[in-house]
Amino acid sequence: MTTESLIGQEVKRVEDQALITGRGRYVDDLRLPGLLHLALVRSPYGHAKINRIDVSAAANAPGVVSVFTGADLAEQLGSLPAGWVLIPEQTGGEPMATPEHPPLAVEKVRYVGDAVAAVVADSPAAASDAVALVDVDYEPLPAVVDAEQATMDGAPEIHEGVANNKSFDWTVAAGDYDAAAAAADVVVSERIVNQRLIPNPMETRGIMADYNGGTEQLTIWTSTQIPHLVRLLFALVTGHPEHKVRVVAPDVGGGFGCKLYLYAEEVIVGMIAKQLERPVKWIESRTENYVATTHGRDHIADAEICGTSDGIVTGLKVHVYANLGGYLSTFAPAIPTILFGLMLGGCYKFENLSCTVAGVFTNTTPVDAYRGAGRPEATYVVERMMERYAHEIGRDVLGVRRRNFIRPFRRGHDMPIGVTYDSGNYQGALAAALDKFDYQAFRQEQRDARREGKLLGVGFSTYIEICGMAPSAVAGALGAGAGLWESSTVRVHPTGTVTVFTGTSPHGQGHETSLAQVTASRLGIPMENIEIVHGDTERHQFGTGTFGSRSLAVGGEALMMSLDKVIEKAKEIAAHEMGVDSKQVSFENGTFYVEDIQEREIPWGDVALGAYHAKNLPDGLEPGLEAVSFFDPQNFTWPFGTHIAVIEIDEMTGETKLNRYVAIDDVGNVINPMIVDGMVHGGIAQGVGQALQECAVYSDDGQLLTGSMMDYAVPTAEDLPSFETGRTVTPTTVNTLGAKGAGETGTIAASPAVVNAAVDALKHLGVTHLNMPLSAEKMWRTIEDAKEARRARRSAAARGGN
Amino acid sequence: MTTGTTDPFAYHAPTSVREASQALSRYRGDAKLLAGGHSLIPMMKLRIASPQAIIDLRNVEGLRGITENDDGSITIGAMTTYHELVTSDVINSKAPAIAQAASQVADTQVRNWGTIGGSLAHADPAGDLPAVAVALGMEINSASARSSRSISCDRFFRGYLETALRANEVLTGVTVPAQAEGSGSAYVKLANKASHYAIVGVAASVTIDGGGICTEARIGITGAGPHAIRSRRAERILVGKELTESVINRAAQRGGADIAGMFNDDVHASAEYREAMTKVYTARAVSAAVACADA
Ligand SMILES: Cc1cc2nc3c(=O)[nH]c(=O)nc-3n(C[C@H](O)[C@H](O)[C@H](O)COP(=O)(O)OP(=O)(O)OC[C@H]3O[C@@H](n4cnc5c(N)ncnc54)[C@H](O)[C@@H]3O)c2cc1C
């Protein structure tokens, strides 16, 4: 195989060999001499005042080295930062509330799981035994867990001085929604709840820290998606100088967004290791993970759509109560606002949009990004309301979509909301999906099935999303506390092998493979000669990290830039060697040559060696062959597609089964189709999981009732059919790879498709909307209620007729 | 907040039932027998259970295996795993409801470890095998250091996680009575999506004579109430009749009558839903048992 052809090839993932043979190195695999183990005392109350903490029994327990309370460490630990502060122009002129977030609570606890004390011992068992001995005198306070209720007068005050528990009221608008609604034939409204989810990465979080008092170097190994940002934020919060902190993300077993922040434990473990001058490790148990690691979604949206009676949508209005949990997590303010509001135009032409979002504190685990992060919530509202509207006017859901689609475009489409889509062909994706799914035949099958008492439904999601996070200036202007560019270093070694240092931080996505494919194709050398290095602030240049399906679209482009620079320099060296001008030199398949002069040919390896041997370099050229690049794109990328779900409902029990799932995604150019398929499959599983079975439930006083995998239903293979996937290809113009990003499409598209299918199955019973998850009981009750209502209507009609 | 470790405990690995029972006596109720560990260990890691000692049954002789007796009854050792039940020819041909229930327990890992003895002794209100024990009329065999006895399944399940076993007794196995000619059994369940435990699980066994009349019926229901409960009111409607769809449906309407007022109500399902599903699943279980008898 020539290396040129590696782009678009299903190369097997090079990282898997180590991972599936038990040679991966996760934080918990790391050991240091003299290692101590840390366990946290966490609040069992949703909301309580801390009157007193007595650590004496714990401190005297066998194996215990030290016990720290929030008061002991208040100075060193500081307050966790809000990494994204919404701008007053979008929050009604009021600055958003960013209350203090002490890593160890001092005066109050604000959610079950809030850490109040840390026990350090010589074994994990001794540390957790001693946790039970820390005596905390709590004074329980009234709690509130529902975002809407938290804003009402008389609700408990969670942060002092934060009126109605609102961090912000964020607004974005286009056109004039009220005028559009006034002029519309039809206005349909619906309350749409997007329930709270628990991210569930395979590996829980884990942290190990080691401090050398001699050099003042602090090393923190942490299961994170953003090692450089963790280092930066750690330095800002603790005052420990940034250049004296090294953060390493070793193998990371999944994140889905929940490892995208500076967490309290990173600060606690780091600063305690520094204080004790001994290595300290904390590994999160699954039970802790459920309450101490961020959750996702949790929106209550009141949506309204308006349009003509013949199917032209003219406007959409959405008000959201976004649950933020007990404190602001690092990127929490951006998720329900920027990543939600700017997407509400979907792939449709309507020009009037109004979106307001109340960000609300509650006595629950903090909420932040979870796969899709704001975009699934937006897509769910848009795609649900499109079908809701189509039903209302009695038109076909596809016909209505087609009428409202933006026409295909290759180079930018300005949306009324102020964003510019890069490229799109929404009709094309829908057509490709309908090639796999015979819509007319299904409608016949559905009618036949209904006659046999079987409930079948089909649902669509012609989604769009935002990827490739992205232009730093745009993000900065909207409140981002950090740039969103990406970096790379390409280091060519004297033997011609190459190490690529990427600022992205993969944790399952397969960058070691995809980025090596890009490098191999560009340099014409075998993949085995390329090493991809990431996740270590000491080994490579600052990088932003992996989230928002940005790694290839942004990080891949940064890699292309460094490869270009290296090739340019190598050409100069080769030209000098061949005695020609570097403009005459071509480079292909790992060989430098001069067109038309056969014998003038130098292989890649010779040039690499020459660069370091430096005995025959052009005048003024530095030795070595290495380049660093930082790529800041001019726009986001906007993948899109059509997903189709077919579900069957057992009328007697409400049990819902996903019978078929067709997914056409357009993620632009594809480097490795197998990796993209894997991403799409996993994403769909999570989206279907949300639609059918996942839901984090709190009691009114703030206890997480679904506190374990015995209660919280993560989908498994047996819950899912074999997915029928495919692609259309509309390259982006934002980067030269033409790649848009594929990490989240499945999650974003799936939940509306499935719910639309369920509503379709029950439409004849008068059902217009269902909130997720579509548990058997909820479906059963819906069917029972609908039948009851129908009986009531019939008997009323019969009476009326008499 | 637990961090995934247990409280300290002593560990014993006796080799006979007698030693195991003596160890239980020595700790005066503060020791736990360990079988597959798939109920006990999670509880210990959550520190809901913190016994002083664990008495591991794995080396105890004579607690494993499936034997078909001369009288047609089947004896199953307490330490027999779900996997062994699922793959046993004897079970699949003579008492298929056991295999059906065992195959629906959780996942492969749990089925490789969990045991029939552990399941019955633990008496989880949503456990699968307790319903089958009731429907097949199993005898539960137990022994202490001094004596042994057998307890009818009708008297074995006493309450939430509560059985008729005494503090020093080891459950040694069960005896499944010989199933008469024309018998069939089945187990169906509405599973909790997360744990796979039964929201409602129904086991039914019926015997149908040459004239197509039901001569015996037993129905065991799990998940719905505080423990596995026999649905006598539904059985009564079946016995003496030809099991047509309408008879089955009529019986099923009484499926939950023996649980009235005791339906579980939790984050997974309301009492009302469980009650409704008890009826639906009773009908499905009886129909499947009839189909099995016909086959
Ligand atoms: C993820 C998961 C999912 C599960 N899903 C299901 C499910 O869908 N359906 C279901 O039915 N179960 C389910 N279970 C429980 C599983 O079936 C357990 O294995 C079973 O309940 C207990 O059997 P064990 O052999 O593991 O017993 P152990 O956990 O070892 O013991 C359980 C209790 O019984 C006592 N005990 C055990 N053996 C004896 C004996 N011979 N004599 C006296 N006392 C004894 C122990 O002291 C202990 O109190 C699940 C468990 C897990 C972890």
Side-chain angles (χ1 to χ4, degrees), chain A residues 37-44 62 112-116 119 123-129 131-132 204 282-292 650 652-655 689 692-695 697 699 705-716 718-719 773 775-778 780-781 784, chain B residues 1-9 38-39 42-48 50 103-104 106-110 124 126 188-202 223 249 252 255 263-284 287:
Chain A
H37 300 267
L38 184 145
L40 289 157
V41 179
R42 295 185 183 277
S43 170
V112 168
D114 207 353
V116 295
V119 178
S123 74
S128 31
D129 284 351
V131 161
T204 58
W282 168 75
I283 296 295
E284 186 182 51
S285 74
R286 185 62 67 180
T287 312
E288 281 185 291
N289 177 265
Y290 267 44
V291 294
D650 182 332
M652 303 289 288
T653 65
E655 285 164 277
L692 294 183
Q693 56 193 64
E694 292 186 46
C695 186
V697 183
S699 66
L705 299 178
T706 50
S708 83
M709 284 185 171
M710 297 289 268
D711 305 301
Y712 184 91
V714 178
T716 63
E718 74 168 2
D719 300 310
S775 68
E777 174 163 1
K778 183 181 291 169
W780 171 78
R781 202 173 285 279
E784 292 293 307
Chain B
M1 187 58 44
T2 73
T3 49
T5 59
T6 70
D7 278 315
F9 57 86
H38 273 57
S39 289
M43 287 174 75
M44 289 174 65
K45 287 173 82 169
L46 291 169
R47 303 198 183 206
I48 294 168
S50 291
S103 72
Q104 292 182 61
D107 50 43
T108 308
Q109 288 87 336
V110 176
D124 191 292
V188 291
K189 81 164 159 179
L190 175 65
N192 170 340
K193 284 269 187 193
S195 66
H196 292 86
Y197 272 110
I199 287 175
V200 171
V202 183
N249 282 337
F263 280 98
N264 298 326
D265 194 335
D266 54 37
V267 66
H268 302 299
S270 68
E272 188 191 349
Y273 184 60
R274 280 195 168 89
E275 184 165 5
M277 290 310 104
T278 301
K279 294 174 185 170
V280 175
Y281 274 82
T282 298
R284 291 182 182 181
S287 300

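Chain letters run A, B, ... following the sequence lines, proteins first, then strands; residues in each count from 1.
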note = Bottom line for A:Glu718: the part with an atom under 4.5 Å from chain B's heavy atoms is side chain
key: Side chain proximity check, B:Pro8 to A:Asp129, heavy atoms < 4.5 angstrom   = yes
task = Measure distances from A:Asn289 to the heavy atoms of chain B and classify the residue's part below 4.5 Å as side chain, backbone, both or neither.
result = neither
note = Note: B:Met277 and A:Met652 closest approach over all heavy atoms is CE-O, 3.4 Å
B:Asp266 side, atom CG; A:Leu705 side, atom CG - distance, nearest 0.5 Å = 10.0 Å
request  = Please determine if B:Glu272 and A:Arg781 form a salt bridge, counting it only when a charged side-chain N lies under 4.0 Å from a carboxylate O.
outcome  = yes
ask   = So which heavy atom on A:Trp780 is nearest to which on B:Ala276, and how close?
value = CZ2-CB, 3.3 Å
key: Residue A:Ser699 versus chain B: region with a heavy atom under 4.5 Å   = neither
ask   = Has the side chain of B:Tyr273 got a donor or acceptor atom that lies under 3.5 Å from a matching backbone atom of A:Thr653?
value = yes
key: From A:Ser285 atom OG to B:Lys45 atom NZ, the distance as rounded to the nearest 0.5 Å   = 9.0 Å
message = Tell me whether A:Gln693 contacts the main-chain N or O of B:Lys193 through its side chain, where contact means a donor paired with an acceptor under 3.5 Å.
response = no
note = Under 4.5 Å to a heavy atom of chain B? For A:Ala776 that would be both
